[in-house]
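Here the structure is laid out as structure tokens; the discussion comes afterwards.
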Amino acid sequence: MKLVTPADVPVLGPVQSRVAMAAMTRSFAADHLATQAMLDYYRRRAADGVGLILTEGVIIHRSGDGYNNTPHIETDAQAESWRPVVAAVQAAGARIACQLWHCGRISHSDYTGAAPVSSTSRAAEGINRQNDKPFGTPRALEAGEMATVYGYYTDAAKRALAVGFDAVQLHFGHGYLADQFLDARVNDRTDSYGGSVENRCRFVLECLEAVMAAVPAGRVMVRISPSREMNGPYDWPDMEAMLDHLLPAFAARGLRMLDISCAAADYHKTSGRVIRMVRPKWQGLLIGGASLTPEQGEAELRDGLVDMVTWGRALIANPDFVSRVRSGRGLEAFDRAMLGELR
Ligand SMILES: Cc1cc2nc3c(=O)[nH]c(=O)nc-3n(C[C@H](O)[C@H](O)[C@H](O)COP(=O)(O)O)c2cc1C
């Protein structure tokens, strides 16, 4: 199978398989540092043959936290805690990218110490299942503050690359800070960061530009989620217009690696509508997938829709996912109880 055979993929180069582990928050960091248990968890998947590991979301600045026991990368000491994890994963043959995360309004002052920040001053609906409180009412960032936030991403990217990560992934999806600017149903600004497609994309593009000016272009990946399952509402209403603006603008800024996160329903009910929309518009490395069977992942590769296929929950349930696919053994089904430990 193409999926589990070593390959040479765009930008990343040689990988031991085309299986990518999607970023998954596990909330097992200690004092915001990566631990030995996290090292063992990632190394196990690398040793089994995963080609690329995207780490769980790593918080770039305290103002961007929103979950229990997340790793942070705001200080050199926090970055250093990842050095042995990175070395172990790479020694086991995989590549590893650090997902850089700012939650924006999907948070609460319990985590941020002050009002969370966002594109808007309207709170997200619902309860934060992390602390069982309603999401905090955010403070809308002022235009003059954006550069400071871009600086958090840039500093975090530099720190991550300094401890050996192959790449960084800017988490611009799932209803978190960057997506709070992109999404027309959340962004209610009347300044140059809200309103038109161009204005709503401004935060993301300026942020990318700042990161690209600070680190080598081939080491940066972006994750967006034009269709998503979490932190509703779901599909961007103006998805095609957004993609038509964003994708060439990403490329013009030197970006060459993209991870498209999709709602599983998008794949299973509409045959991968989003990835089919993106592929003809994107020349660089493209990864994606949601709850696919290995056979469906293989078909995505065969049809040239993606260069690597991402799996999340299946890789929690099956630390030996790649071996199982190679040998044709079935997969263990994911069960939420599996989130209770790192194994
Ligand atoms: C426990 C859990 C934690 C997740 N945390 C993150 C995260 O930190 N960053 C992110 O981009 N996506 C996160 N996701 C979404 C996954 O990366 C993935 O897109 C999603 O689970 C769909 O893929 P799957 O059906 O193969 O699991 C998380 C998903 C799960 C199940």
Side-chain angles (χ1 to χ4, degrees), residues 3 18-29 32 34 38 41-42 45 50 52-60 64-73 96-104 106-107 111 128-130 156 167-179 182 221-232 234 257-269 272 274-275 286-297 300 306 308-319 321-322 325 331-343:
L3 185 59
R18 293 182 192 254
V19 175
M21 180 173 179
M24 281 181 293
T25 291
R26 300 301 312 273
S27 294
F28 284 104
H32 304 309
M38 288 158 67
Y41 160 80
Y42 287 119
R45 275 85 183 157
V50 168
L52 169 66
I53 287 178
L54 283 316
T55 66
E56 60 206 278
V58 181
I59 298 291
I60 56 174
D65 200 359
Y67 283 72
N68 298 332
N69 303 322
T70 49
H72 288 204
I73 192 157
I96 180 164
C98 183
Q99 189 185 60
L100 303 182
W101 188 24
H102 190 304
C103 295
I106 304 298
S107 183
Y111 297 96
N128 185 347
R129 277 184 289 160
Q130 298 283 304
V168 291
Q169 182 183 78
L170 308 180
H171 190 0
F172 287 165
H174 296 175
Y176 297 111
L177 181 65
D179 212 9
L182 293 171
M221 185 185 292
V222 160
R223 184 173 221 204
I224 53 172
S225 56
S227 152
R228 65 175 189 267
E229 284 177 317
M230 55 190 81
N231 303 323
Y234 304 112
M257 296 193 283
L258 191 59
D259 177 359
I260 296 291
S261 171
C262 292
D266 183 72
Y267 268 104
H268 297 290
K269 295 199 183 132
V274 178
I275 214 82
L286 186 60
I287 72 172
S291 302
L292 301 180
T293 62
E295 292 71 26
Q296 287 168 326
E300 295 281 294
V306 288
M308 298 182 84
V309 186
T310 50
W311 273 278
R313 285 163 288 195
L315 272 156
I316 290 181
N318 301 273
F321 178 91
V322 175
V325 173
L331 297 174
E332 286 293 324
F334 171 79
D335 179 333
R336 284 199 70 79
M338 292 173 179
L339 296 179
E341 59 168 341
L342 278 184
R343 58 180 197 114

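Order of appearance sets the numbers: ligands from 1, and atoms from 1 within every ligand. These values consider heavy atoms only, across backbone and side chains, with no hydrogens, waters or symmetry-generated copies. These figures come from a predicted structure and were not determined experimentally.
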Fill in the blank from the handout: Near ligand 1 (heavy atom, under 4.0 angstrom), the protein residues are Ala22, Ala23, Met24, Thr25, Gly57, Gln99, His171, His174, Arg223, Met230, Ser261, Ala290, Ser291, Trp311, Gly312, Arg313, Leu339
Handout entry: Pair His171 and Tyr176, ring centroids less than 6.0 Å apart
Key = yes
Practice task
Report yes or no: does Trp311 contribute a side-chain atom to a donor-acceptor pair with the main-chain N or O of Leu292 at less than 3.5 Å?
Solution key: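 Side chain of Trp311 to backbone of Leu292, a donor-acceptor pair under 3.5 Å: yes, one is there.
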Handout entry: Any donor-acceptor N/O pair, Asn68 side chain to Gln130 backbone, under 3.5 Å
Key =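 Pair found, side chain donor or acceptor close to backbone of Gln130.
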Problem - Short side-chain donor-acceptor distance under 3.5 Å, Asp65 and His72 - result: yes
Problem - Any side-chain donor near an acceptor of the partner, Thr310 and Asp259, under 3.5 Å - result: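 Not at all, the side chains of Thr310 and Asp259 share no donor-acceptor pair under 3.5 Å.
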Practice task
Would you please test Trp101 and Tyr67 for ring-ring contact (aromatic ring centres under 6.0 Å, His included) and show each step?
Solution key: CA-CA 11 Å; Trp101 188 24; Tyr67 283 72; 5.0 Å; yes
